[in-house]
Amino acid sequence: ASGLVGDEGSIKNEDLQRLVLLHRGVRNLVDRKEVGKHGGPYEFNVRDLLKLRDVLQGNIFSLRSHLELNETIKSSREVKQAFVNDTARIAALRTASELVYSKRFVSLQDQATIMALIGKTFPFPSSSADSVVRDV
């Protein structure tokens with residue numbers, strides 16, 4: 001995963017810890033039958049974390065480039081770069097998590113429940129970032 005963890009604007013070690021917590025949270029919701037009553041079976045294991053890695057590797061840098069070009073971000077170069085890096089990182093984490101976890105469920109309610117968990121696990125740096133990423 002060269003270039004994915006540790007570089008400026010890339011995934012941080014704390015993000016990896018939160019990904020594992022998210023994985024456990026989804027698995028617990030399924031085990032408690034709070035989601036996944038329709039469709040399935042829904043089994044979550046280490047392969048899901050590997051899928052997350054693959055999706056992130058393929059998308060984080062292009063997402064950051066898109067945000068750098070987005071004219072809705074107006075601030076000094078240093079603040080803008082930090083904002084772009086953080087926003088792109090969080091957007092990539094959320095998008096990859098949605099693909100691997102929430103989109104797997106048949107029920108839209110289950111998807112919404114998982115997406116809410118993802119949003120709590122990976123909040124954007126500011127409320128304005130949410131609107132920027134929706135435009136991606």
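Just so it is clear, the values below take in all heavy atoms, side chains as well, and ignore hydrogens, waters and symmetry mates.
Pairs of residues two or more places apart, or lying in two chains, that qualify as side-chain hydrogen bond (donor to acceptor under 3.5 Å, both in side chains) and include a residue from residues 20-30 are H23-Y101. The stretch residues 34-50 participates, sequence neighbours left out, in these salt bridge (charged side-chain N to carboxylate O under 4.0 Å, His left out) pairs: R32-E34, D48-K51, D48-R104.
Taking every heavy atom of both residues into account, L19 and S97 meet most closely at CD2-OG, 3.8 Å. Of all the heavy atoms in D15 and L93, the pair that sits closest is CG-CD1, 3.6 Å. Listed here is the closest heavy atom pair of G25 and L117: C-CD2, 3.9 Å. In this structure, F122 and I90 approach most closely via the heavy-atom pair O-CG2, 3.4 Å. Here the closest heavy-atom approach between residue S102 and residue M115 is recorded as OG-CG, 3.4 Å.
Annotation: side chain of V35 is not in contact with side chain of S107 (no heavy-atom distance under 4.5 Å). Within the 4.5 Å cutoff, the side chain of V26 has heavy atoms near those of the I114 side chain.
With a 6.0 Å radius and a threshold of 12 heavy atoms from other residues, nucleotides or ligands, K120 has its NZ atom at or below the threshold.
Once rounded to the nearest 0.5 Å, the distance linking CG of N13 with CD of Q17 reads 7.0 Å. For the atom pair CG (L108) and OG1 (T113), the distance works out to 10.5 Å, reported to the nearest 0.5 Å.
Hydrophobic clustering keeps L21 apart from V100 (ILVMFWY residues linked when any side-chain heavy atoms are closer than 4.5 Å, directly or through intermediates). In the hydrophobic clustering of this structure, V106 groups with F44; members are Ile, Leu, Val, Met, Phe, Trp, Tyr whose side-chain heavy atoms approach within less than 4.5 Å, directly or through other members.
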